[in-house]
Amino acid sequence: MEFFDNHKKLFRTALGLFVGLTLIVAIRPAINNQKNNAPLPNYEPLSEQAYLGKKSFIANGCVACHTQQVRNVDMDKIWGNRPGIAADYAGITRTDFWRNTATLMGTERTGPDLTNIGARQPSMAWNLLHLYQPRAVVGKSIMPAYPWLFQIKNKVGKNEVEVVVPDAYRKGINGKIIASQEALNLVAYIQSLKQTPLPNGKAPMEFLYKKKEAPTGKKGSTLNLPDGKLLYTNNCMSCHQANGEGLKGAFPPLKGSPIVLGDNLELYVNIIMLGYDPRPEYATMNAVGTDNNLTPEEVTAIINHERTSWGNNAKKVTTEEVKKIMDFIKITTKK
Amino acid sequence: MGTKNIFNEWGIIITLLLIALPIIVASILAIVKAKAIIKNYLEKKEQERFNNYVKDLTPIEVEKLEQRKRALEFALSNNELSGKTQPVDNKGLIDNISTVETLRFIEQKKKSQPRPYIEPELSKLIIWYLGCATFWLLFGTTVGEYLGIKFVAPDVDHYSWLSFGRLRPVHTNAVFWGWASLAMMGLAYYVIPRVSNVPIASIRTGYRSLILINVSVVLGSLFLMAGINNGGGEYREYIWPVMALFGIGVFISLRNFFKTIAKRTTKEIYVSNWYIISAMMFLLVIAVVAYWPSWQTGLGETVVQGYYMHQGVGMWFMLFNLGLMYYFLPQQLNKPIYSYSLGILAFWAQILFYTLIGTHHFIFSAIPWWLQTVAIVGSAGMIIPVVAGTTNFLMTFKGSWHKLSGSYTLPFYLIGIIFYFTGSLQGTAEAFRFTNLVWHFTDFTVAHSHLTMYGIICFMLWGFIYTIVPRLTGKEPPQITVGAHFWLALIGLLFYTFPLMYGSTLRGLMWMEGTKSFIESVELMAPYWLWRAIGGSLMWLSHILFAYNFYVMVKRKDKITVPTSPIDILKAKQELDTQAQTN
């Protein structure tokens, strides 16, 4: 055929076909997407410090292992309250002339998704220690350690943040381990990562591929509660550790704790829901329960797990008791 | 939804079948070898039995045997007719006699064929391309090997420049743009003038292009390690000024090739050139779209990222390699390609379907649902070019299978073709929505990309390099190290990918189940990551052997060989005489 023997015609046709398809599946959808989406009304742009932290997140290639997207499938529910939508990313523009937009959606989940990490794990002390040496807080973690984001000094200066590192991970270090500005920025960025709530009255997209719900029993009994151990692992373990002993100088032990074993259930539920900071030798605890929308059943399951594990042996509590306290907390905090 | 019935899901079934295929082929190769060993063993046994029998022979029996021997050995003296004059081969009918004097531990494969004249200048250029490529292969996979170790021993070092997140793109980009791209372009400098039947338009341009690409990979790697990157899109980690150098390098070579084809002396444009020229044009389109520094806000970035990363793989590496295959395979088998039209069908089908599939990396994400569906449909459409291409190659092989065992290059071709079929279709199966639930975000993707980029692209490139370098330099690699390279790479790849795919499936199912914490899924992967490191080490070892083979093929110094054939003796004498005259 004459057409196939003419190099100009042949290669022009191939190029034309490819460019045409490129327009349809890449260029036009991309332009439509960036034109027709705006950030949600409640969207908070990154603070100056968090923005610098994001740059550091990009430079260190964290996206290789951490995604930032909640897919609309049921298995992604643990990473956020609702599936991600285009508007969630609409506020992100090019980093600068030299570097491209970083939506940081990622393609690998070697580590956890970070879309909502700011709500799930906002503790500054935990995040700094975790950056310095992930295995100090999560024994089985394979995340790289970032000791170069910290300095060793003899004294903690004004406005400086010291990181209390367990002895096993500070071999050969005599001074104080101080977080550099870059480490603080990075933590500020991590703390800023929260899903923006949808405007009032808007129902979020549904999660697909739902699991079949296991039949639940009578409400109020201690039977048929959610898996307390799993909830503990997901919400509490990173600080209080799998053995319930916490980390010296950072996170208090639950094993043998008077609050866990005692009768003051109101204080106990308060701490889980609203956080706690009465003791200078330990880091501040965040409002874990409120941040993660824990239900009375879940809180009960966690409490019962803590009261009966690691040699703890206290009476189990019921959902009714916990629910009453939680309702009260809701009323008082709303004011 | 229940997870127990995953074996009823088509995506899973297809993948399992595809995974089984290369195993079967490798098993057949292994069985053939094993059969030979067993046969050898049985024969030895027989020999022993015979020896015992001989020991017990009586003198009378021996005498009888000797008598019979004398009778059988009676023969004419063979010169009853000729007398005692020396035989002379006046017409040179007897030539190229091969003799076996020593014990052979490995089977002797066919030597490479001497080829028609290739300009020494061009030869040198091609060797430079392939040499740089080999360097980047060693560099890139050393980094990869180290990254694999980091999964097992995360605290192996604490230097910012060597931290996982920074090194990972160094590995992927170095093997993409350094190794595979330079090797392909070097081979194209051989193929395009050959099939156009004219000398290359400009050799200088070839060198310019080579330098630009090398500079791009050096700068890119340094920038990444220093923490300067483009923002996290995979294979798009080099910042645009660095990638621009690469793009210019490809652009000037593209013009060079185009000019060569324009003055071709053949009427038709051989199908190899369709593939090669298109691959280069498409790469430039992809790079400009993805790197243009003034757009892609928000999800626009993601849509372009899906397009970019997959077109980079499919339109640059795959299309280019297929083009090379359409030249080298018929060449090596010494027969025309089975069907020229199938090659053309595969060409247009590849452009039509492959361009659509990019966003299948973002199924269930916030990008438009219709675009995700188009990507899945396009992935299914890829069956057409893949089946057409594979059929074409295997039918070309048909009738020449016997050549496989006697050649040290063809096994590389065959494994490349097998993985082309299984790896590409695995991609199709992975794009289905259900399989995406199980495998997306796990290391299954990593296994898949190694099955394809390594199983297809690397094996094909090695086959081609072992084919042409001996032609250019006249020196052959030691066959034992080529064999070791082949088997280490293949077995290493299987060790790398299979445990990783198995572990990732378990991990994905665990995520779907939702009753275990995330860190338990990390723990679960530990043994499979160890297997990956072991497989990776074998692959890495095979690259060292490859580099050694390459060195042997191009090293300047020849071993001093005393000429034995009359032609060589006379040539040597003539050379000595002329030397004496000029002195």
Side-chain angles (χ1 to χ4, degrees), chain A residues 4-5 7 10-11 14-15 17-19 21-22 25-27 29-31 33-34 37 58-64 67 69 71-73 75 84-86 88-90 92-93 95 97-105 107-109 112 138 140 142-145 147-148 209 211 227 230 233-234, chain B residues 1 151 154-155 158 160 163-166 168-169 227-234 236 239-241 261-262 267-269 274 277-278 281-282 285 289 293 296-304 307 351 355-356 358 361 364-366 368 371 374 437 441 445 511-512 514-515 517-519 522-523:
Chain A
F4 289 144
D5 295 338
H7 55 273
L10 173 68
F11 293 133
L15 183 64
L17 179 59
F18 183 69
V19 170
L21 288 170
T22 297
V25 297
I27 298 179
I31 290 178
N33 232 299
Q34 64 184 60
N37 285 301
I58 296 168
N60 286 298
C62 307
V63 71
T67 53
Q69 50 172 318
R71 299 172 297 168
N72 56 347
V73 289
M75 60 191 280
I85 50 174
D88 290 335
Y89 303 93
I92 307 171
T93 51
T95 306
F97 179 64
W98 307 105
R99 285 171 290 188
N100 200 2
T101 314
T103 55
L104 301 172
M105 284 175 87
T107 51
E108 280 270 324
R109 244 176 222 168
V138 184
K140 295 286 178 187
I142 60 155
M143 178 168 139
W148 64 87
Y209 294 92
K211 271 197 299 265
D227 182 357
L230 179 66
T233 312
N234 287 342
Chain B
M1 85 179 301
F151 274 87
D155 285 315
H158 285 151
S160 62
S163 69
F164 183 87
R166 296 194 192 181
R168 185 181 189 268
I228 301 165
N229 67 54
N230 197 27
E234 264 180 300
R236 193 154 61 136
I239 54 172
W240 70 260
I261 292 171
K267 180 165 168 284
E268 53 289 311
I269 307 161
W274 294 35
I277 295 290
S278 299
M281 293 190 307
F282 295 172
V285 173
V289 169
Q296 298 173 44
T297 303
L299 273 194
E301 187 263 350
T302 309
V303 174
V304 173
Y307 163 83
I351 300 178
T355 317
L356 306 179
H361 287 264
F364 298 123
S365 77
L371 201 58
V374 165
L437 284 178
F441 294 142
T445 325
W511 287 349
M512 285 172 76
T515 53
S517 66
F518 185 83
I519 191 69
V522 175
E523 244 182 291

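Chain naming here is simple, since letters A, B, ... match the order of the sequence lines and numbering starts at 1 in each.
Note: B:Pro154 leads B:Pro154, B:Gly231, B:Ser365 in heavy-atom pairs under 4.5 Å with chain A. Contact count versus chain A (heavy atoms, under 4.5 Å) is highest, among B:Ile228, B:Leu371, B:Ile261, B:Val374, for B:Leu371. When the candidates B:Val289, B:Val303, B:Thr302, B:Thr297 are compared by the number of heavy-atom contacts under 4.5 Å with chain A, B:Thr297 comes out ahead. Note: A:Trp148 leads A:Tyr89, A:Trp98, A:Trp148 in heavy-atom pairs under 4.5 Å with chain B. Note on B:Pro368, B:Ala262, B:Ser278: by heavy-atom pairs under 4.5 Å with chain A, the leading option is B:Ala262. Each of B:Ile277, B:Val522, B:Val304 has some count of heavy-atom pairs under 4.5 Å with chain A, and the biggest count is that of B:Ile277. Your options are A:Met105, A:Met143, A:Lys140, and the one with the most heavy-atom pairs under 4.5 Å with chain B is A:Lys140. When each of A:Cys62, A:Ala145, A:Ala14, A:Ala64 is checked for heavy-atom pairs under 4.5 Å with chain B, A:Ala14 comes out on top. Residue with the most contacts toward chain B among A:Thr22, A:Val19, A:Asp88: A:Thr22 (heavy-atom pairs, distance under 4.5 Å). For the set A:Asn37, A:Val138, A:Leu17, the count of heavy-atom pairs under 4.5 angstrom toward chain B peaks at A:Leu17. When the candidates A:Thr67, A:Val63, A:Asn60 are compared by the number of heavy-atom contacts under 4.5 Å with chain B, A:Asn60 comes out ahead.
For B:Glu301, the part lying near chain A is the side chain, with the backbone staying farther off; criterion is any non-hydrogen pair under 4.5 Å. The contact between B:Arg168 and chain A is made entirely by side chain atoms (from C-beta outward), counting heavy-atom distances below 4.5 Å. Heavy atoms closer than 4.5 Å to chain B are found in both the backbone and the side chain of A:Asn72. The part of B:Tyr307 that comes within reach of chain A is its side chain, from C-beta onward, which places non-hydrogen atoms under 4.5 angstrom from that chain. Only the side chain of B:Pro241 comes within contact range of chain A, judged by heavy atoms closer than 4.5 Å. With a 4.5 Å cut-off on non-hydrogen atoms, B:Glu234 touches chain A through its side chain but not through its backbone.
Interatomic distance, CZ of B:Phe441 versus CZ of B:Phe364, reported as 10.5 Å (0.5 Å rounding). With rounding to the nearest 0.5 Å, the separation of CG in A:Leu15 from CE in B:Met281 is 4.5 Å. For the atom pair NZ (B:Lys267) and CG (A:Asp5), the distance works out to 4.0 Å, reported to the nearest 0.5 Å.
In plain terms, the two heavy atoms of A:Leu10 and B:Ile269 that are nearest each other are CD2-CD1, 4.0 Å.
Between B:Phe282 and A:Phe18, the angle of the ring planes stays under 30°, which puts this pair in the parallel group of the 30/60° scheme. Classification of the A:Phe97-B:Trp240 ring pair by plane angle, with boundaries at 30° and 60°, yields perpendicular.
Every residue was checked against the salt bridge (Lys or Arg N to Asp or Glu O under 4.0 Å) condition with A:Asp227, not counting sequence neighbours, and none meets it.
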